[in-house]
2 protein chains.
Amino acid sequence: MKAYKIPEATVMRLSVYSRYLQQLLEEKVETVSSGEIARGVGVSSAQVRKDLAYFGEFGTRGVGYRVEELFGHLMNILGLDQQWNVIIVGAGKLGCALARYQGFRERGFQICAILDNDPAIVGEKVDCLQIESLDKLKKLVHEYDIKVGIVTVPAEAAQDVTDQLIESGVKAILNFSPRVLKVPADVILRNVDLSVNLEVLSFNLTYNG
Amino acid sequence: MKAYKIPEATVMRLSVYSRYLQQLLEEKVETVSSGEIARGVGVSSAQVRKDLAYFGEFGTRGVGYRVEELFGHLMNILGLDQQWNVIIVGAGKLGCALARYQGFRERGFQICAILDNDPAIVGEKVDCLQIESLDKLKKLVHEYDIKVGIVTVPAEAAQDVTDQLIESGVKAILNFSPRVLKVPADVILRNVDLSVNLEVLSFNLTYNG
DNA sequence: GACTGTGAAGCCATTCACAGCT
DNA sequence: AGCTGTGAATGGCTTCACAGTC
């Protein structure tokens, strides 16, 4: 079970498979074939088998996969057999929405704090959380042993906030700001660029539509 | 300028380049080289040139690109020389946050309506918009000539809402629900799966961290 | 001298096809 | 007979390297 060089696309699909299996699990389905998973999530069955093969042999030839077992393996592989504490920097509309988003909690991501540098909103409630001052960043990261940070500040502030997160010891960053961030090699960065997604739609509407 | 088969990755990068150029434009920079763009957005200079080459020859050998001109070309290519009217279905936390997100408006995406099927919240204000009943979908899509829909409903309702959007005439869908959606071949679908993104971080923290 | 545009090479992911189990 | 696991083939994106232009 070595992660020598797993394609990122494979990791993303594993996450999707795991949610599909969770659904099957709730429906009390006991076994599933690669073909069924494939149809369920919209990829090819060979793709499903190849993706799983990076991590071991989880199935039985002639039969398929035991749903509960495969689900367990996938959650393990994804590192979701533990809770991850998460901090959000930027308590604007998006930051607050993410702080309240149930989908994260359901998959083991616990939003422990939401920060902002605007004194006018520090102290306001976001569900059961209270918006904290940016000064508290380092303290909170240590207190909750936070490895994952979410950046939802405006573009101008994004690099500065990112540097502070890394300086505080955060090891992985999910960036929602529309700015390309520089991070050291040992910090993992992912960008979720909302406008880019709409713009790809716009492109396709314009040229294929 | 034919979009025979443009890699999706290229289109996403064009969107990023265009924002970088916008920044340069505001800083009154007149010309820029592929190397500078590359450094600015974190790709290779060959990549920048290849991406642009799909659409024409925009530069001058020995000099580089005129910022304003290239920016114009990119906005054109991306279909952002026009306004796109957008409808959001699902007025939960995320839907409301997206409805208020300024980044969309700045790039020419106008959120014209936000709908929900929960009578308890229909009529509530989201900035200057009012949450409308789902019944009004078709009427609103026609009224505003809407081509783009954003789905921010819970997983269970996602396919149903998607079908209704398509039935109403929407041609492109940005799906934020954690459900794989089926759409006809002539409808463009993109998924923004927030949990998947965190789970890729979790995977990398577990195996490379 | 500097930088673009591009064919060729290299690399990586997906698909194919079949041997190997049950 | 049915389905997994996998080497080989394919296809597609990225990088290289250099000819062409200013």
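What you see is a predicted model; the values in this text were computed from it and never measured. Chain naming here is simple, since letters A, B, ... match the order of the sequence lines and numbering starts at 1 in each.
- Near-neighbour residues of DNA chain C inside residues 38-50 of chain B, defined by a heavy atom below 4.0 Å, number-ordered: B/Arg49, B/Lys50.
- For the helix from C/dG1-D/dC22 to C/dT22-D/dA1, the angle separating the two terminal helix axes comes to 0°, with each axis derived from five pairs and the value rounded to 10°.
- In this structure, A/Glu30 has no salt bridge (Lys or Arg N to Asp or Glu O under 4.0 Å) partners at least two apart in sequence or on a different chain.
- Here B/Tyr20 pairs with nothing under the ring pair (Phe, Tyr, Trp, His ring centres under 6.0 Å) rule; sequence neighbours left out.
- By the side-chain hydrogen bond (donor to acceptor under 3.5 Å, both in side chains) test, A/Ser195 pairs with no residue at all, sequence neighbours left out.
- Using a 4.0 Å cut-off, no side-chain N or O of B/Tyr65 falls inside it from OP1 or OP2 of C/dA2.
- Side-chain contact of B/Arg107 with B/Ser18: a donor-acceptor pair under 3.5 Å is present, judged by distance alone.
- Applying the side chain to side chain contact (heavy atoms under 4.5 Å, CB included) criterion to B/Asp118, with sequence neighbours excluded, gives B/Asp116, B/Ala120, B/Ile121.
- A heavy atom lying under 4.0 Å from DNA chain D marks none of the residues of residues 16-37 of chain B.
- Nearest-nucleotide mapping onto DNA chain C: of A/Arg13 and B/Arg61, the residue sitting toward the 5' end is B/Arg61.
- Annotation: side-chain hydrogen bond (donor to acceptor under 3.5 Å, both in side chains) contacts of A/Glu8 (sequence neighbours excluded): A/Arg190.
- In this structure, B/Leu52 places its CG atom 7 Å from P of C/dG5, rounding to the nearest Å.
- Legend: residues meeting side-chain hydrogen bond (donor to acceptor under 3.5 Å, both in side chains) with B/Gln83, ordered by chain and number and at least two apart, are B/Asn85.
- Once rounded to the nearest 0.5 Å, the distance linking CD1 of B/Ile37 with CZ of B/Arg49 reads 10.5 Å.
- The outermost nucleotides of DNA chain D lying under 4.0 Å from heavy atoms of chain A, listed 5' to 3', are D/dG2 to D/dA8.
- Taking the side-chain hydrogen bond (donor to acceptor under 3.5 Å, both in side chains) definition, one finds that B/Thr162 meets it with nothing, sequence neighbours left out.
- In this structure, A/Asp193 pairs ionically with B/Arg19, as a charged nitrogen and a carboxylate oxygen lie closer than 4.0 Å.
- Under the rule for a ring pair (Phe, Tyr, Trp, His ring centres under 6.0 Å), the partners of B/Phe104 that lie at least two apart in sequence or sit in another chain are B/Tyr101.
- The side-chain heavy atoms of B/Gln110 and B/Arg105, taken from C-beta on, include a pair separated by under 4.5 Å.
- Taking atom CG on A/Asp51 and atom C1' on C/dT14, their separation rounds to 10 Å, with Å as the unit.
- In this structure, the side chains of B/Leu94 and B/Leu194 come closer than 4.5 Å at one or more pairs of heavy atoms.
- Atom CD of B/Glu8 is separated from atom C1' of C/dA13 by 15 Å (rounded to the nearest Å).
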